[in-house]
Structures are given as structure tokens and as C-alpha cells.
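Labels below follow one simple rule: chain letters A, B, ... track the order of the sequence lines, proteins then strands, and each chain is numbered from 1.
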Amino acid sequence: MLDIRFIRENKDRVKEGVIKKGEVPSKVDEVVHADERRRKLVQQGEDLKSRKNAVSAQVAKMKANKEDASAIIAEMKVVAEKIKVIDRELREVEETLRSLLLQIPNLPHPSVPVGKGPDENQIISTWGEPFLIDFSPKPHWELAEKLNIVDFTRGTKITGTGYPVYVGKGAQLDRALVNFFLDEATANGYTEVFPPLLVNATSATGTGQLPDKEDQMYVVPRDDFYLVPTAEVPVTNFYRDEILAERQLPIKFSACTPCFRREAGSYGKDVRGLNRVHQFNKVELVKFVHPDNSYEELESLCHDAERVLQKLGLQYHLLLMCSGDMGFTQAKKYDLEVWSVGQQKWLEVSSVSNFESYQARRMNIRFRPERGGKPEIVHTLNGSALALPRVIAALLEHYQTPEGKVIIPKILHEYTGFEVIG
RNA sequence: GGAGAGGUGGCCGAGUGGUUGAAGGCGCUAGUCUCGAAAACUAGUAUGCGCGCAAGUGUAUCGAGGGUUCGAAUCCCUCCCUCUCCGCCA
């Protein structure tokens, strides 16, 4: 969420940003109004409390001197009642204010193109050699089925649609890629963590999944937990309610977890094969950084994600998301899309974002400036490096042979232990 | 899951209704001393919110939320968490 003082002092700028995000600006006025009411109540309540405290001290003194204090005690009874009423009202206003603040999106960074939808995203760069073999490449689901490395049918039997079973070299390939990605992250200075796969509501709210994307998460109602839709949630919450030392920054974490997504509302061609599944492995990179250089950290995070695609030799392009297509909590976001030669389309395999202080303020993650002074909110960033199923899809398609085999790229040999599938 | 104990500042730990935001110790920071360091001594050392240009000031916070009271770290209720023993278990 945004800083209430910032909103108070930059109402028009905030509204402008909200509009760019494609959200309704009227909430901003509601926030400002609720904030005014809150401050008035705080003032009233504290004036009364101040008096109460002074008189209570007086009562203590009088009792110590064995004087009669019943008169002022009676008077304070009324004051105490007033305080209770004001506090109750204040609590209501604060609740309203918080819920309104949660409904104000993060503002887009000035470098973000203004736009409404995917068509207005900018292609920043394209990398890689096109597929140059003289036969028509098959989509990954045909290859996978024929090679017997992903069993979609049995996955549906075991759980439901969108839960493929990786089998044999398919399972080994997934594991090899995970290890490769994690090793790359470690080499780039990230500390590997393995977090819980279920989180509580506070954590889910901290990163912005709640209340915004509740429908996308699997819920465990009996224990009031949520299955993680991405490692971002547990990993970013690692430092919730903590004050870090400035010299600790930047802190860089990597984590591989299964990601559970209900994908409510998805249908049709998009969900074919490994394009969109309910459970998948993903290596996520998370950074806690100094506000002064979060945009440099965003670029380097993006390069960290790109590098693994390059090492795999897969064709991809880098998109800068426009204001209307980047999501509620981000200030700036890049997507990496890999080319699926069997489907002749781009598949999103990574999304790299700077949240500035938006998540960190919700989570109350701060650092103590070396020079002294008040703790400041850190900036948080994250990016996938990478999401497995679509990488596997693109890889199978890109490295297929006319006979329907798949040649494993060299860099993975030490991880897979085999060089060809089929 | 059953029985019991307990949750106080960065850490340890005192405190069972009245100048207790909180003794004492450790740690940390600065100063004195020293060629330098250690030791010793001195001082400082939480966070949020409101008001204020600021200095500052008011208020809140002793796991969380309610309640009793003129007044709560201290009493009552609910919840959460930790520890010990038993049970179950990868």
C-alpha cells in the first residue's frame, strides 16, 4: 500500500497514477476523507487521555496523602466513557482506511509506458536464433506424449485437469532444470531458501495476494492457510515486521517451490499441454534493497533471469509492461517470453517486478539508516528464473528432431545425466 | 490429540493495580583514559501515530484482541505462539 502521508500531500498525482493503472480514482478521495476523520478523532481522544493521565496521577498522590479523591474520580468516570466512545469510532475509521488503502494500487514508475492492455506493452529486446530446421515442428504435448515423459491423462485421473504427471526423463528434466536455475542463482549471489508451501492470511496480504487475488489461491479452510501461488509470498514475508541494518542490503534470496494456482476463468487453447497448469515448479528470485537503487536492482534481476534463457539457447523477448497490464502491486514490470516454435507463439516464463515500498509497507519491513534517523521502508523486487513448465515446453519444441527425439542442450548434461530423450 | 508451564525492550531478566516506557545486567554507539587496544569510568541506546518549520510535545505499545477500574505489564475473558511430558508420526 501507499504511504498515507504521500497520498495526503500528492492527491492529484496519486489519482493520475491510479487512472494509468486502469483503476478507479474515486477511492483516493475516500482515503483522504477517512484520513482526515481519523486524525480528528486521534486528536480528540488524545486530549482526553492526556487529561485522564494527569488526573490519575493526582488521584494516586491524594490517596497516598489519605485525602478524599471521590469528586475527581466521579468526574473522570465521564471522561473515561467519552474516551471509550471515541476509541471505538476511531477503530472503525482506521479499519475503513486500511481497507481503502489496500484498494489503491501501486503507482507506475515514470518510465512505464501508459497503456490499457497487452497490445501496448513494449518489446525491449529479442534474443536468440530462430528454429531453422526444414520440417514442421510439433507442439510439446505431442512430443511429450510420444516420448512418454509427461502423462496428462493420468494426472487428470489422480487429481484433475491441469495436473500433469512428469514421468521418467520428463521428471528428471524438470529436476535438472531446477538444479541448474538454483545453481545459477547461487553463482549470482542469491541465498537459497526453502520456505513453507502454506502461508497464513497475514503473509498472503503482505505480498498483495489478498484481498486482490483471493480467487487464484487454493485455501485450506480448516487451518486457515493458503497454498503458495509463488515463492514470492513466503520468501518476501521472511522479514515481515523487522528492521534490517542498512549494511545488510541488498538481500537476495532464491527459492524453488511448487506453485499452486486455481487459474479460475482460464479456458481454451491457452491451457493446452503445459501452457497453463495448476501446480508447477518455479525458481523465484527475491530482493530486499535500498530505495535509492531499486531500479538498478530491477535491471540486474532481469539480466539474471535472461541469462538462464540464453544459456539454454532458447529464443525469447523482453517486454516492458504498460501501466494497465502490469498488475496491482507493481511499479514497474518486465516479462520474459520464450518462443514456442511448436505453437508459433510466445509463452511467459518470467515476470520481473519492482514493488518499491508497496509490499514492504504492508509487511512493515524497514532498515535503519547508517547515518541515524528513523527506520525507512525497504524496496522489494522479485522475478522468476524461471517457471518450469513453459521452459520445458519451449525446450522440447526447440530441440526436437525430425524423428521426434529431443536433444538436451549441453549445459544441462551434467544435470540430466542423459543427452537425448527418445 | 491429552496434561502442565510460560510469553516483558537487540538479548538475558526484575516487576502482581498508582510518576514503570518499564529496575539490573549484557550487547551496541560516543566520550574520557591510552602510542593504539583491552580494562575501567561517563553518557546515550525502542517503535507507531497526532500536532509542530524545528527543538519539542501529546498519546499508544510488556504475545494479540476484548473487559473491569479514576488508573492495568500487573485482575478477568477469548485467541495465538513457545517449552516440557504423554500419544501419534516422515
> How long is the line joining CZ of A:Arg247 and P of B:C28, in whole Å?
Replying inline: 13 Å
> When you check the side-chain N and O atoms of A:Ser203 and A:Asn200, is any donor under 3.5 Å from an acceptor?
Replying inline: yes
>> Are the side chains of A:His140 and A:Asn275 in contact, using a 4.5 Å heavy-atom criterion?
In response: yes
> When rounded to the nearest Å, what value does the distance between C1' atoms of B:C33 and B:A37 take?
Replying inline: 12 Å
> Using atom P of each nucleotide, how far apart are B:U74 and B:A60 to the nearest Å?
Replying inline: 15 Å
> Hey, where does RNA chain B pair up into stems, meaning at least three consecutive Watson-Crick or G-U pairs with distances under 3.5 Å?
Replying inline: B:1-7 with B:80-86, B:10-12 with B:24-26, B:27-32 with B:40-45, B:46-51 with B:56-61, B:63-67 with B:75-79
> Can you tell which of B:G50, B:G58, B:C70 lies closest to the side chain of A:Ser50?
Replying inline: B:G58
> Of all the nucleotides listed (B:A46, B:C70, B:C51), which has the minimum atom distance to the side chain of A:Ile73?
Replying inline: B:C70
> Got a sec, which pairs hit salt bridge (Lys or Arg N to Asp or Glu O under 4.0 Å) with one end in residues 410-422 of chain A, sequence neighbours left out?
Replying inline: none
>> Using heavy-atom distances to pick each residue's nearest nucleotide on RNA chain B, tell me which of A:Ala74 and A:Glu94 is more 5'.
In response: A:Glu94
> Distance between the P atoms of B:C26 and B:A38, in whole angstroms?
Replying inline: 16 Å
>> Heavy atoms only, 4.0 Å cut-off, all strands: where does A:Arg8 land among base, sugar-phosphate and nothing?
In response: sugar-phosphate
>> Under 4.0 Å between a side-chain nitrogen and a carboxylate oxygen: does that hold for A:Asp325 and A:Lys116?
In response: no
>> Output the rounded distance in Å from NZ (A:Lys82) to C1' (B:U59).
In response: 18 Å
> Can a side chain N or O of A:Arg38 be found less than 4.0 Å away from OP1 or OP2 on B:G50?
Replying inline: yes
> So do A:Arg362 and A:Leu102 actually touch side chain to side chain, heavy atoms under 4.5 Å?
Replying inline: yes
> Roughly how many Å is it from NZ in A:Lys40 to P in B:G58, rounded to a whole number?
Replying inline: 24 Å
> Under a 4.5 Å cut-off applied to non-hydrogen side-chain atoms, are A:Val220 and A:Tyr226 in contact?
Replying inline: no
> Hey, do the aromatic rings of A:Phe355 and A:His379 have their centres closer than 6.0 Å?
Replying inline: no
> How close or far is atom C1' of B:A64 from atom CG of A:Asp241, stated in whole angstroms?
Replying inline: 12 Å
> How close or far is atom P of B:U45 from atom CD1 of A:Ile243, stated in whole angstroms?
Replying inline: 16 Å
> Could one point to a donor on the side chain of A:Glu46 or the base of B:G58 with an acceptor on the other under 3.5 Å away?
Replying inline: yes
> Any idea which of B:A46, B:G48, B:G66 is nearest the A:Arg91 side chain?
Replying inline: B:G66
> Is there a side-chain contact between A:Cys259 and A:Lys282 (heavy atoms, below 4.5 Å)?
Replying inline: yes
> What's the closest nucleotide to the A:Arg366 side chain, out of B:G48, B:G50, B:G71?
Replying inline: B:G48
>> Taking only the P atom of each, what is the distance from B:A23 to B:C62 in whole angstrom?
In response: 15 Å
>> Taking only the C1' atom of each, what is the distance from B:C83 to B:G10 in whole angstrom?
In response: 22 Å
> Can you tell me if the side-chain N/O atoms of A:Lys77 get under 4.0 Å from OP1 or OP2 in B:C70?
Replying inline: yes
> Toward the 5' end of RNA chain B, which comes first, A:Lys49 or A:Asp35, by nearest nucleotide?
Replying inline: A:Asp35
>> Once you apply a heavy-atom cut-off of 4.0 Å, does A:Lys84 come out as touching a base, just sugar-phosphate, or nothing?
In response: sugar-phosphate
> How is A:Val55 classified with respect to the nucleic acid when contacts are heavy atoms under 4.0 Å: base, sugar-phosphate, or nothing?
Replying inline: nothing
> Would you say A:Asp3 and A:Tyr358 make side-chain contact, with heavy atoms under 4.5 Å?
Replying inline: no
> Just how far, in rounded Å, is P of B:G50 from CG of A:Leu97?
Replying inline: 10 Å
>> Just the rounded figure in Å: distance from P of B:G50 to CD1 of A:Ile83.
In response: 19 Å
>> Using a heavy-atom cut-off of 4.0 Å across all strands, would you classify A:Lys61 as base, sugar-phosphate, or nothing?
In response: nothing
>> Measure CG/A:Asp3 against P/B:C49 and give the value in whole Å, please.
In response: 8 Å
> A:Asn53 side chain: which of B:C70, B:U47, B:A60 is closest?
Replying inline: B:A60
> Hey, does the side chain of A:Arg5 come within less than 4.0 Å of B:C49's phosphate (OP1/OP2), counting only N and O?
Replying inline: yes
>> Over all strands shown, is A:Ala80 touching base, sugar-phosphate only, or nothing at heavy-atom distances under 4.0 angstrom?
In response: sugar-phosphate
> Counting side-chain heavy atoms from C-beta on, which of B:G48, B:G50, B:G18 comes nearest to A:Pro375?
Replying inline: B:G48
> Quick one: which of B:U59, B:G18, B:G50 gets closest to the side chain of A:Ser56?
Replying inline: B:G18
> Between B:G18, B:G48, B:G50, which one does the side chain of A:Lys374 approach most closely?
Replying inline: B:G48
> When the P atoms of B:C76 and B:G1 are considered, how many whole Å apart are they?
Replying inline: 26 Å
> If we take the C1' atom in both B:A72 and B:G18, what is their distance in whole Å?
Replying inline: 10 Å
>> Is the shortest side-chain heavy-atom distance between A:Lys252 and A:Thr191 below 4.5 Å?
In response: no
> Looking only at atom C1', what distance separates B:U57 and B:G52, rounded to whole Å?
Replying inline: 8 Å
>> Does B:C51 have OP1 or OP2 under 4.0 Å away from a side-chain N or O of A:Arg39?
In response: yes
>> Please classify the nucleic acid contact of A:Arg51 as base, sugar-phosphate, or nothing, using heavy-atom distances under 4.0 Å.
In response: nothing
